[in-house]
2 protein chains.
Amino acid sequence: MSVVPGATRNTRQRAQVLALLAATDGFRSAQQLHANLRDEGAQVGLTTVYRTLQLLADAGEVDQMRLPDGEQLYRRCGRGHHHHLVCRLCGRAVEVEIPSVERWTRNQAAAHGFVDADHTIEIVGTCADCATR
Amino acid sequence: MSVVPGATRNTRQRAQVLALLAATDGFRSAQQLHANLRDEGAQVGLTTVYRTLQLLADAGEVDQMRLPDGEQLYRRCGRGHHHHLVCRLCGRAVEVEIPSVERWTRNQAAAHGFVDADHTIEIVGTCADCATR
DNA sequence: GTGGAGTTGACAATCGTTATCGTTAGCGCT
DNA sequence: AGCGCTAACGATAACGATTGTCAACTCCAC
């Protein structure tokens with residue numbers, strides 16, 4: 001039997017992106033992550049950072065959110081469905097759960113005949129540290 | 001005394017953008033609106049459409065939301081704080097209110113020391129018409 | 001070690017949006 | 001109606017994040 005097509009490989013670049021994500025606790029943009037990797041001497045292309053983040057996001061390994069200005073941010077996250085309270089300045093994030101809203105959104109969608117409903121809930125603010133600075 | 005600086009003027013272009021928005025009941029992108037205006041013979045520049053939408057959004061005359069792919073959408077809306085259930089295909093929107101969540105998000109932000117907290121809640125699905133088509 | 005399919009990355013292209021800046025035109029005033 | 005000031009316009013260029021391209025590379029099963 002030949003190799004199963006579709007296997008994913010463990011490459012140096014993916015390990016480095018994952019390592020950086022593991023060491024970061026706030027949301028970061030692909031460009032920020034790429035810059036950080038370059039700073040610490042890692043040899044990773046910007047394209048690869050984007051691709052890796054997309055892979056991880058699709059696999060549910062990282063969460064992604066979008067700032068009001070449209071920039072995409074990524075963060076290594078706990079599993080399961082949850083939402084975020086994010087600092088608009090430093091990216092620090094707190095995972096929050098909204099038990100009632102999950103049910104509520106489903107019901108609203110169904111009540112209006114919408115199917116395949118998905119929802120996005122993000123709370124963006126300024127964290128205590130950034131506020132006093 | 002001279003003219004008060006900062007006055008806004010009534011131009012043909014703004015009237016046309018407003019008229020189109022009034023005749024549209026779903027979320028539309030700036031580019032879609034511009035194309036529609038051109039189709040019906042209106043002479044309006046793309047830049048002006050963007051500027052006008054931004055003005056209206058700042059003034060609270062229209063609501064803006066962002067699709068998962070980052071595209072900005074606009075819609076003439078009822079006043080007051082509310083959220084939307086939007087069709088991902090045709091842009092049709094239903095305004096919904098989430099009584100408990102407004103309070104909940106405020107409390108969560110405060111509990112974690114965040115200030116100036118803002119929240120975005122959007123439900124995107126496929127409406128009944130688009131689903132059967 | 002070898003083969004070949006998954007990966008990489010420099011570069012170009014895309015796409016929505018914003019800045020530029022000379023021209024146009026709304027409107028308060030006379 | 002005419003004048004003048006300045007907001008507003010709009011064609012075009014610039015921008016910035018993201019994605020496509022494609023030849024070179026490198027994991028890894030055998």
Side-chain angles (χ1 to χ4, degrees), chain A residues 1-20 27-59 61-75 88 91, chain B residues 1-20 27-59 61-75 88 91:
Chain A
M1 202 51 161
S2 65
V3 180
V4 178
T8 64
R9 293 176 184 168
N10 297 324
T11 64
R12 171 180 53 79
Q13 291 89 339
R14 283 184 191 168
Q16 288 176 319
V17 171
L18 276 169
L20 177 54
F27 275 89
R28 295 286 181 272
S29 70
Q31 313 251 9
Q32 283 178 325
L33 292 170
H34 177 244
N36 291 158
L37 286 170
R38 280 299 171 79
D39 289 347
E40 46 187 67
Q43 199 71 19
V44 182
L46 179 57
T47 306
T48 300
V49 174
Y50 273 107
R51 259 191 309 240
T52 303
L53 288 172
Q54 199 53 61
L55 275 178
L56 292 172
D58 290 346
E61 296 290 329
V62 303
D63 280 7
Q64 55 190 148
M65 70 157 297
R66 207 175 274 276
L67 284 182
D69 77 342
E71 195 172 8
Q72 191 90 238
L73 303 182
Y74 304 85
R75 176 177 187 254
R88 61 168 60 87
Chain B
M1 201 53 159
S2 66
V3 180
V4 178
T8 64
R9 293 175 183 171
N10 296 324
T11 64
R12 171 180 52 80
Q13 292 88 340
R14 281 184 191 168
Q16 288 176 319
V17 171
L18 276 168
L20 178 54
F27 275 89
R28 295 285 181 272
S29 70
Q31 314 247 10
Q32 282 177 325
L33 292 170
H34 178 245
N36 291 158
L37 286 170
R38 280 299 171 81
D39 288 347
E40 46 187 68
Q43 199 70 21
V44 183
L46 178 57
T47 306
T48 300
V49 175
Y50 273 108
R51 257 190 311 240
T52 303
L53 289 172
Q54 199 54 60
L55 276 177
L56 293 172
D58 291 346
E61 295 291 329
V62 302
D63 278 7
Q64 54 190 148
M65 71 157 297
R66 208 175 273 277
L67 285 183
D69 75 341
E71 195 173 6
Q72 191 89 238
L73 303 182
Y74 303 85
R75 176 177 187 254
R88 60 168 62 86

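Quick note: numbers below take in every heavy atom, side chains included, and nothing from hydrogens, waters or symmetry partners. Within every chain, numbering begins at 1; the chains are lettered A, B, ... in the order of the sequence lines, protein sequences first and strands thereafter.
Arg14(A) places a side-chain N or O within donor-acceptor distance of the main-chain N or O of Arg9(A), the cut-off being under 3.5 Å. With Arg12(B) contributing its side chain and Gln43(B) its backbone, the two residues share a donor-acceptor pair below 3.5 Å. With Arg66(A) contributing its side chain and Pro68(B) its backbone, the two residues share a donor-acceptor pair below 3.5 Å.
The closest side-chain heavy-atom distance from Leu37(B) to Gln16(B) is below 4.5 Å. At a threshold of 4.5 Å between non-hydrogen side-chain atoms, the residues Tyr50(A) and Gln31(A) count as touching. Side-chain atoms of Leu56(A) and Leu18(A), non-hydrogen and from C-beta on, do get closer than 4.5 Å to each other. Tyr74(A) places a side-chain heavy atom less than 4.5 Å from the side chain of Gln54(A). Between Arg88(A) and Leu67(A) there is no side-chain heavy-atom pair separated by less than 4.5 Å.
The distance from atom CD of Gln43(A) to atom C1' of dG9(C) is 10 Å, rounded to the nearest whole Å. If you measure from atom CG of Leu67(B) to atom P of dC15(C), you get 16 Å, rounded to the nearest angstrom. Across the protein-nucleic acid pair, Leu55(B) atom CG and dA7(D) atom C1' stand 11 Å apart, rounded to whole Å. Distance, Leu53(B) CG to dT18(C) P: 10 Å, rounded to whole Å. If you measure from atom CG of Leu56(B) to atom P of dA8(D), you get 12 Å, rounded to the nearest angstrom. The interatomic distance linking Arg12(A) (CZ) with dC27(D) (P) rounds to 8 Å, in whole Å. Regarding Asn10(A), its CG atom lies at a distance of 10 Å from the C1' atom of dC28(D), rounded to whole Å.
What you find for Arg28(B) and Gly91(B) is that their closest heavy atoms are NH1-CA, 4.0 Å.
Across its full length, the helix from dG1(C)-dC30(D) to dT30(C)-dA1(D) shows an angle of 30° between the axes of its 5 terminal pairs at either end, rounded to 10 degrees.
Map Thr11(B) and Thr11(A) each onto its nearest nucleotide of DNA chain C; the residue landing nearer the 5' end is Thr11(A).
Gln32(B) comes within 4.0 angstrom of no nucleic acid atom, judged by non-hydrogen atoms across all strands.
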Inset, instruction - Starting at the 5' end of nucleotides 14-23 of chain D, put B wherever the base has a protein heavy atom under 4.0 Å, S where only the sugar-phosphate does, and a dash everywhere else. - result: ---SBBB---

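Residue Arg14(B) places at least one side-chain N or O under 4.0 Å from the OP1 or OP2 atom of dA8(D).
Checking dT26(D), dA7(D), dG9(C) against every side-chain atom of Arg9(B), the shortest atom distance belongs to dA7(D).
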